[in-house]
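Please read through the structure below; I'll follow up with questions.
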Amino acid sequence: MYEDWSERCRRWAGIRSEWIDVDGVRVHVLRTDGADPQGTPQLLIHGLGGCATNWIEVICDLAAHGPVVAPDLPGFGRTEPTEPGRVRVPDNAEFLQLLLDELGWDEAVVHGNSMGGMLAVHLAGLAPERVARLVLAAPAFPTPPTALHRVPPTTLARFAPFALPGLGRFAMRLLSSAVSPERYFQEAARFIHADPDRVTPEARAVGLEDVSLGRDAPWRVAAFTAAAESVVRSMLAPGDLLKLIDDAAMPVLVVWGDADRLISRTAIDHVMKRQPTWDLEVLPSVGHVPMLEAPADYVAAVDDWLQVATPTALAA
């Protein structure tokens with residue numbers, strides 16, 4: 001890894017890889033001190049199947065507000081869990097609280113993408129005093145049962161195996177053995193991005209390296225499966241998640257791309273009606289990982305919102 005990621009790309013100057021011990025887990029993080037070391041720090045949480053480098057195109061710009069840390073969650077990237085099963089949503093919410101302790105951060109602005117958005121909401125419920133604000137990027141919000149017929153069949157096909165114990169792990173092992181890392185990465189990119197070509201070549205290269213790394217880390221399949229099963233269960237029986245959403249009292253910004261194939265506008269609107277004080281920024285023609293596909297737009301939305309004392313809706 002890199003003491004300074006400018007060795008890979010000049011845009012990433014100041015970002016460094018570090019290892020932090022969190023409750024016995026050796027955690028890989030991307031970190032930068034920021035332009036204002038005394039500013040409110042920002043914690044960036046990746047989604048299912050992702051890793052810290054999902055945030056690499058926005059870390060330097062977000063650092064204008066203070067220190068930034070993006071961890072590889074246990075079971076993802078380079079962070080091997082002590083127990084493969086301890087990667088479910090509640091476990092990782094507790095892990096994030098412990099990570100804040102290790103970082104010495106009393107509070108942080110917490111960003112979360114997809115599953116990371118679900119985790120950020122759980123963290124806010126577990127330790128609300130530690131979460132100054134939430135930025136939820138295409139968060140894993142449940143679709144109302146009356147609107148399930150609107151979910152694209154390709155999305156249902158990807159996640160249905162994880163609704164049945166054992167089937168998801170079997171499917172992942174079969175996929176890992178049958179598909180090359182290059183093909184797996186390309187197919188995933190076509191699914192999660194509206195336009196994969198908008199992702200920079202440098203970020204694509206790092207993403208492919210992570211997929212290739214996963215083939216040499218047998219614990220990744222078990223961890224991915226356990227995390228995916230946890231997310232799917234929460235989406236199918238969202239009572240606890242919806243209560244956490246209802247109880248969130250800190251300012252919240254939702255950033256969503258209107259070409260997202262995983263999280264529908266129906267799901268977003270369902271939650272926004274429950275929390276009308278939350279702010280929503282809609283990015284046109286952007287998919288499920290806006291900070292990779294449209295990093296400048298993501299940063300602009302966050303910058304504008306952080307400068308508002310009492311956030312109001314930015315877009316609808």
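Sequential numbering from 1 along the given sequence is applied to the chain's residues.
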Checking side chain to side chain contact (heavy atoms under 4.5 Å, CB included) for the pair S264/T143: CA distance, chi angles, key distance, verdict? CA-CA 8 Å; S264 68; T143 298; 4.0 Å; yes
Show the numbers, then the answer: is there a side chain to side chain contact (heavy atoms under 4.5 Å, CB included) between R78 and L213? CA-CA 8 Å; R78 290 171 169 77; L213 175 67; 3.5 Å; yes
Taking every non-hydrogen atom, the tightest pair across A138 and I263: O-CG1, 4.0 Å
Walk me through it: do N92 and L123 pass the test side chain to side chain contact (heavy atoms under 4.5 Å, CB included)? CA-CA 9 Å; N92 269 329; L123 176 62; over 6 Å; no
Nearest-0.5 Å distance, CD of residue E129 to CG of residue D106: 9.5 Å
Measuring from atom CG of D279 to atom CG of L136, what distance do you get when rounded to the nearest 0.5 angstrom? 11.0 Å
Hydrophobic cluster identity match, V87 and V211, side-chain contacts under 4.5 Å: no
Tell me, which pairs form a salt bridge (Lys or Arg N to Asp or Glu O under 4.0 Å) where one or both residues lie in residues 37-56, sequence neighbours left out? none
Value for CG (D72) from CG (L30), rounded to nearest 0.5 Å, stands at 7.0 Å
Quick one: do M235 and V231 satisfy side chain to side chain contact (heavy atoms under 4.5 Å, CB included)? Show the steps, please. CA-CA 6 Å; M235 297 286 269; V231 170; 4.2 Å; yes
How long is the span from the CH2 atom in W5 to the OG atom in S17, to the nearest 0.5 Å? 5.0 Å
Find out whether V255 and V135 are in side-chain contact, i.e. whether some heavy atom of one side chain is under 4.5 Å from a heavy atom of the other. yes
Flag side-chain contact, heavy atom, 4.5 Å: E80 against R220: no
Does a donor on one side chain and an acceptor on the other come within less than 3.5 Å for H65 and D303? yes
Looking at every heavy atom in both Q97 and A127, which two are closest together, and how far apart are they? NE2-CB, 3.6 Å
Sequence neighbours left out, what pairs pass salt bridge (Lys or Arg N to Asp or Glu O under 4.0 Å) with at least one residue falling in residues 115-126? none
May I ask you to test the W55-I15 pair for a side-chain heavy-atom distance under 4.5 Å? no
If every non-hydrogen atom of P290 is compared with every non-hydrogen atom of G287, which pair is closest and at what distance? CD-O, 4.0 Å
If we ignore hydrogens and angles and just use 3.5 Å, is the side chain of T82 paired with the main-chain N or O of V25 as donor and acceptor? no
Establish whether V252 and I268 are linked, either directly or via other cluster members, by ILVMFWY side-chain heavy-atom contacts under 4.5 Å. yes
Do V68 and L103 share a hydrophobic cluster, counting only Ile, Leu, Val, Met, Phe, Trp and Tyr and linking them when any side-chain heavy atoms are less than 4.5 Å apart? yes
Partners passing salt bridge (Lys or Arg N to Asp or Glu O under 4.0 Å) against D4 (at least two apart in sequence or in another chain): none
Quick check: does any side chain N or O of S6 sit under 3.5 Å from a backbone N or O of C9, one acting as donor and the other as acceptor? no
Not counting sequence neighbours, which residues clear salt bridge (Lys or Arg N to Asp or Glu O under 4.0 Å) with R130? List them please. D101
Could you tell me whether the side chain of V27 reaches within less than 4.5 Å of the side chain of W19, counting heavy atoms only? no
Side-chain donor/acceptor pairs under 3.5 Å, residues 107-119, sequence neighbours excluded:
unit_1 : atom_1 : unit_2 : atom_2 : d
H111   : ND1    : Y298   : OH     : 2.8
H111   : NE2    : Q42    : OE1    : 2.7
N113   : ND2    : A137   : O      : 2.9
N113   : ND2    : H288   : O      : 3.1
S114   : OG     : H288   : NE2    : 2.7

Less than 4.5 Å apart, side chain to side chain, heavy atoms only: is that true for D258 and V286? no
Euclidean distance, T32 OG1 relative to L62 CG, rounded to 0.5 Å: 10.5 Å
Closer than 3.5 angstrom, by distance alone: can the side chain of E202 be matched with the main-chain N or O of R10 as a donor-acceptor pair? no
Would a 4.5 Å heavy-atom cut-off, applied to side chains only, mark P81 and R86 as touching? no
Do you know which two heavy atoms are closest between T40 and A132, and how far apart they sit? CG2-CB, 4.4 Å
Side chain S230, main chain A226, donor-acceptor under 3.5 Å: no
Are V69 and L100 joined in one hydrophobic group, where the rule is that I, L, V, M, F, W and Y side chains link up if heavy atoms are under 4.5 Å apart? yes
Begin with the C-alpha distance, continue with both residues' side-chain angles, and end with the deciding distance and a verdict on salt bridge (Lys or Arg N to Asp or Glu O under 4.0 Å) for R8 and E209. CA-CA 13 Å; R8 286 293 296 267; E209 286 171 14; 3.0 Å; yes
Separation between OG1 of T53 and CD1 of I59, rounded to the nearest 0.5 Å: 8.5 Å
Pairwise salt bridge (Lys or Arg N to Asp or Glu O under 4.0 Å) hits with a residue in residues 20-45, at least two apart: R16-D33, E18-R31
Do V271 and L241 share a hydrophobic cluster, counting only Ile, Leu, Val, Met, Phe, Trp and Tyr and linking them when any side-chain heavy atoms are less than 4.5 Å apart? yes
Minimum heavy-atom distance G125-L244, with the two atoms named: CA-CD2, 3.8 Å
Applying salt bridge (Lys or Arg N to Asp or Glu O under 4.0 Å), name anything that partners D269, two or more places apart in sequence or on another chain. R265
Which pairs with one or both residues in residues 39-59 pass salt bridge (Lys or Arg N to Asp or Glu O under 4.0 Å), sequence neighbours excluded? R11-E57
Minimum-distance pair of heavy atoms, taken over all atoms of E7 and E3: OE2-N, 4.3 Å
Does some side-chain heavy atom of E281 sit less than 4.5 Å from a side-chain heavy atom of V254? no
The complete set of ring pair (Phe, Tyr, Trp, His ring centres under 6.0 Å) pairs with one or both residues in residues 235-271, sequence neighbours excluded, reads none
With sequence neighbours excluded, what pairs up with D91 under the salt bridge (Lys or Arg N to Asp or Glu O under 4.0 Å) test? none
Under 4.5 Å between any side-chain heavy atoms of L134 and P251, yes or no? no
Side-chain polar contacts of residues 188-196 - donor-acceptor pairs under 3.5 angstrom, sequence neighbours left out - could you list them?
unit_1 : atom_1 : unit_2 : atom_2 : d
D195   : OD1    : D197   : N      : 3.1

Who pairs with H46 by ring-ring contact (aromatic ring centres under 6.0 Å, His included), at least two apart in sequence or on another chain? F76
